[in-house]
**Q** 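My questions will all concern the structure given below.
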Amino acid sequence: MSDKSSEKDQVLMEKIVSLCKRRGFIFQSAEIYGGANGCWDYGPLGAELKRNLKDYWWRKNVQEREDILGLDGSILTLESVLEASGHLGGFSDPMCDCLLTKARLRADEIDPQSGTAYHYTGASHEESGWSVDRAYSVLLSENQDENKARKTARLYYSQFLSDKQISPKKLELAGESTEEVTDSTSYNPENGSLLTAAREFNLMFKTKMGASADESDPKGTAYLRPETAQTIFVQFKNVVDSNRVKLPFGIAQIGKSFRNEINPRNYTFRSREFEQMEIEYFCREEDGMRLTDEWLETRLSFYEEIGIPREHLHVLDVPDGERAHYSKRTYDIEYEFPFGIQELEGVAYRTDYDLKKHREHSGKPIEFFDDEAKEKLLPHVVEPSAGCDRTILALICEAYDEETITDDKGKEETRIVMRFSPRMAPIKVAVLPLLKNKPELVAKAREVQSMLTPFMNVFYDETAAIGRRYRRQDEVGTPFCVTIDFETLGENGDEDKDTVTIRERDSMEQRRIPISELREYLLDAIV
RNA sequence: GCGGGUGUAGCUCAGGGGUAGAGCGCAACCUUGCCAAGGUUGAUGUCGUGAGUUCGAAUCUCAUCACCCGCUCCA
């Protein structure tokens, strides 16, 4: 499968985005103010979906496991923490662009060059009267012909021409001057063209702590955390001291993180504010590689349990040289999005790098005492780090389905169904009185509704025709619809009294079930 | 950040220097009946935003913002 999306996939993605807005899953942030780039809000159904995902993740990884404890750390993070973790130094790169080719270069990786710089102040075209005032330079090494500088400059100025028929050769250069330059990194080594000034692409959101914070206060600068992991490492010692734990054990956290992405793309996939679901699983060094493999399997099963089949997932064993320098093994779990195969989760063996760094920078003894081995050690760590919003997007993409069905009159129509697993579905059951102008039906339906609401998200709908109500529920992925009809009231005798029809989303089949069994039936299906 | 495209009702989109349009959806009512049914009635827009040209701009020009595609970037 290609990484690029085909036209068909683009259309599919547009339909998904449209449905998400129309039905209240996802809205763009601050839309009425023109929209915030790279920020998205979850609407009523999106919020439910996200809660279901987070709750299930927490249940599987914390509630149902004795070896993992939860944590919920602050988002504001001291500069010193991020200095220790390496984010402060390595998280921003000075970048510059070639003015001629628009190539982007790392400013700190340019070889210094020497030679003669040819400066220009602009260019003009006599016949058309066109001109441009803009400083530009070209650097030539010693043995290059000076006409090369002029040729390059004409090419540069020609991009401002509105009439593309004019040949760059016809341009008249203005204000040529030369200058000897040594060890400059202002020019593109490839073609000698001037580069833009280096810009820092700081990927972290910086902020001020304290109302009167000033620059000189080392605790005056804070960042919105770029990952949840650091909270866990920094609180490692406190968690160990306040709980009886033995290796291996994990600390889990769900929370927001922030990265000032240069170019947010693909709907919510690359957002500037996003939620992570992370575990740092601490272990002895000799178990690190094995546990990484085990976690990969555990995590793949999780995706299956929430309705993302293994066939749509890809595991990338990140090769040497592409992993973070401290990682001995990293698996990326990727999903086949309509816009390409993209990462959902990374399972990384981070060695003892993080704890070591924090021990070094904080100067605090944060070693773990292993009671069984009677030794002090710094544990290694395996990190399954899942993107919550990315998983939501995968759930939505996976659920979306269009089904062609033929009605009684032989007419074909399209049924749009969100095939969420009942466990993830934002609405678990819709309660529908067959007709709303019959008070007995409405009263009974309300009774069923309030019986179920303490246990699950129930949607009550009495408008429009029953068929239409079913289809509405299909479009938001409600797995079950319960209809209260005249049999429920006992009109057809005692046998069907207090039974309802339950209609299943995927098969559209219905059967009768006593109201008394409804709760258990539904709970079994959505647990 | 660069290049290309798009922006009009909740959604999908047509139109186009002179009264703002369609389909679907939505709301209300009627119908003892189960897969977008039928009928009646109704609501909704600073035509993305800001400036300019014009007697007059949703339409033309410029800027700007957002989204999509490609490139780039992704510790």
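Residue numbers begin at 1 in each chain, while the letters A, B, ... track the order of the sequences.
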**Q** So, does the side chain of Arg270(A) form a donor-acceptor pair with the base of C74(B) at under 3.5 Å?
**A** yes
**Q** So, Thr463(A) versus Arg472(A): side-chain donor-acceptor pair below 3.5 Å or not?
**A** yes
**Q** Does Asn437(A) place a side-chain N or O at less than 4.0 Å from the phosphate oxygens OP1/OP2 of U31(B)?
**A** yes
**Q** For Phe25(A) and C11(B), give me the distance from atom CZ to atom P, rounded to whole Å.
**A** 16 Å
**Q** Is any side-chain N or O of Glu475(A) under 3.5 Å from a base N or O of G25(B), one able to act as donor and the other as acceptor?
**A** no
**Q** Considering just the side-chain nitrogens and oxygens of Arg468(A), establish if one lies under 4.0 Å of OP1 or OP2 belonging to G25(B).
**A** yes
**Q** Which nucleotide, U32(B), C69(B), A28(B), lies nearest any side-chain atom of Lys438(A)?
**A** U32(B)
**Q** Expressed as a whole number of Å, how far does the C1' atom of G5(B) sit from that of G23(B)?
**A** 25 Å
**Q** Would you indicate what Glu487(A) reaches in the nucleic acid, counting non-hydrogen atoms under 4.0 angstrom: base, sugar-phosphate, or nothing?
**A** base
**Q** Round to the nearest Å and state the distance from Lys15(A) atom NZ to U12(B) atom P.
**A** 12 Å
**Q** For the atom pair CG (Leu432(A)) and SG (Cys481(A)), what is the distance rounded to the nearest 0.5 Å?
**A** 5.0 Å
**Q** For Glu31(A), answer base if it contacts any base atom (sugar-phosphate contacts may also be present), sugar-phosphate if it contacts only those atoms, and nothing otherwise; contact means non-hydrogen atoms under 4.0 Å.
**A** nothing
**Q** Check the distance between C74(B)'s C1' and Phe274(A)'s CZ and give it to me in whole angstrom.
**A** 11 Å
**Q** Hey, which sits more toward the 5' end of RNA chain B by its nearest nucleotide, Ala324(A) or Ala465(A)?
**A** Ala465(A)
**Q** Tell me the interatomic distance from Leu45(A), atom CG, to G10(B), atom P, rounded to whole angstroms.
**A** 19 Å
**Q** Is the shortest side-chain N to carboxylate O distance from Arg469(A) to Asp461(A) below 4.0 Å?
**A** no
**Q** Distance check, P atoms only: A9(B) and G52(B), in whole angstrom units.
**A** 26 Å
**Q** Which comes earlier along RNA chain B counting from the 5' end, the contact point of Arg471(A) or that of Tyr267(A), where each point is its nearest nucleotide?
**A** Arg471(A)
**Q** Check whether any side-chain N or O of Asn266(A) sits under 4.0 Å from OP1 or OP2 of C67(B), and answer yes or no.
**A** no
**Q** With rounding to the closest Å, how many angstrom separate the C1' atoms on U54(B) and G42(B)?
**A** 39 Å
**Q** Distance criterion of 3.5 Å, no angle test: do you see the side chain of Asp485(A) paired donor-to-acceptor with the base of C34(B)?
**A** yes
**Q** Could you tell me the separation between the CD1 atom of Ile502(A) and the C1' atom of C34(B), rounded to a whole number of Å?
**A** 14 Å
**Q** With distance as the sole test, does Asp494(A) use its side chain to make a donor-acceptor pair with the main-chain N or O of Lys497(A) at under 3.5 Å?
**A** no
**Q** Specify the separation, in whole Å, of atom CG of Leu441(A) and atom C1' of U31(B).
**A** 14 Å
**Q** Among residues 16-24 of chain A, which residues get a heavy atom nearer than 4.0 Å to RNA chain B?
**A** Ser18(A), Lys21(A), Arg22(A)
**Q** Starting at CG of Leu434(A) and ending at P of C35(B), how long is that distance when rounded to a whole Å?
**A** 11 Å
**Q** Between the side chains of Asp389(A) and Tyr42(A), is a donor N or O closer than 3.5 angstrom to an acceptor N or O?
**A** yes
**Q** Rounding to the closest angstrom, what is the interatomic distance between A57(B) and G48(B) at atom C1'?
**A** 16 Å
**Q** Output yes when a side-chain donor or acceptor of Gln253(A) lies under 3.5 Å from a complementary backbone atom of Gly73(A), and no otherwise.
**A** yes
**Q** Indicate whether Tyr470(A) forms a stack on C34(B); treat it as stacked only if centroid distance is below 5.5 angstrom and interplanar angle below 30 degrees.
**A** no
**Q** Could you label the plane-to-plane angle of the His380(A) and Tyr349(A) rings as parallel, tilted or perpendicular, counting under 30° as parallel and over 60° as perpendicular?
**A** tilted
**Q** Measuring only the P atom in each nucleotide, how far is G21(B) from G56(B)? A whole number of Å is fine.
**A** 23 Å
**Q** Base, sugar-phosphate, or nothing: which does Thr463(A) touch, judged by heavy atoms less than 4.0 Å apart?
**A** sugar-phosphate
**Q** With rounding to whole Å, what would you report as the distance between G45(B) and G39(B) at their P atoms?
**A** 27 Å
**Q** Can you tell me if the side-chain N/O atoms of Asn37(A) get under 4.0 Å from OP1 or OP2 in C65(B)?
**A** no
**Q** Report the distance from atom CD1 of Ile526(A) to atom NZ of Lys428(A), rounding to the nearest 0.5 Å.
**A** 5.5 Å
**Q** Counting only side-chain nitrogens and oxygens, does Gln510(A) get under 4.0 Å of the OP1 or OP2 atom of C35(B)?
**A** no
**Q** Examine U31(B): is either OP1 or OP2 under 4.0 Å from a nitrogen or oxygen in the side chain of Lys436(A)? Give yes or no.
**A** no
**Q** Using a distance-only criterion (donor-acceptor N/O pair, under 3.5 Å, no hydrogens), is the base of C35(B) paired with the side chain of Arg503(A)?
**A** yes
**Q** Tell me whether the rings of Phe269(A) and Phe339(A) are parallel (<30°), tilted (30 to 60°) or perpendicular (>60°).
**A** perpendicular
**Q** Provide the distance between the two P atoms, one in C24(B) and one in A36(B), to the nearest whole Å.
**A** 15 Å
**Q** Could you work out the separation of A58(B) and U8(B) based on their P atoms and round it to a whole Å?
**A** 15 Å
**Q** Between which residue ranges does RNA chain B form stems of three or more consecutive Watson-Crick or G-U wobble pairs, both distances under 3.5 Å?
**A** B:1-7 with B:65-71, B:10-13 with B:21-24, B:26-30 with B:38-42, B:48-52 with B:60-64
**Q** Compute whether any side-chain donor of one residue and acceptor of the other, for Tyr136(A) and Thr152(A), lie under 3.5 angstrom apart.
**A** no
**Q** Ring pair (Phe, Tyr, Trp, His ring centres under 6.0 Å) with Phe233(A): which residues, sequence neighbours excluded?
**A** none
**Q** Give the rounded distance in Å between these two atoms: CD1 of Ile466(A) and P of C30(B).
**A** 17 Å
**Q** Does a side-chain heavy-atom distance below 4.5 Å link Leu518(A) with Ile502(A)?
**A** yes
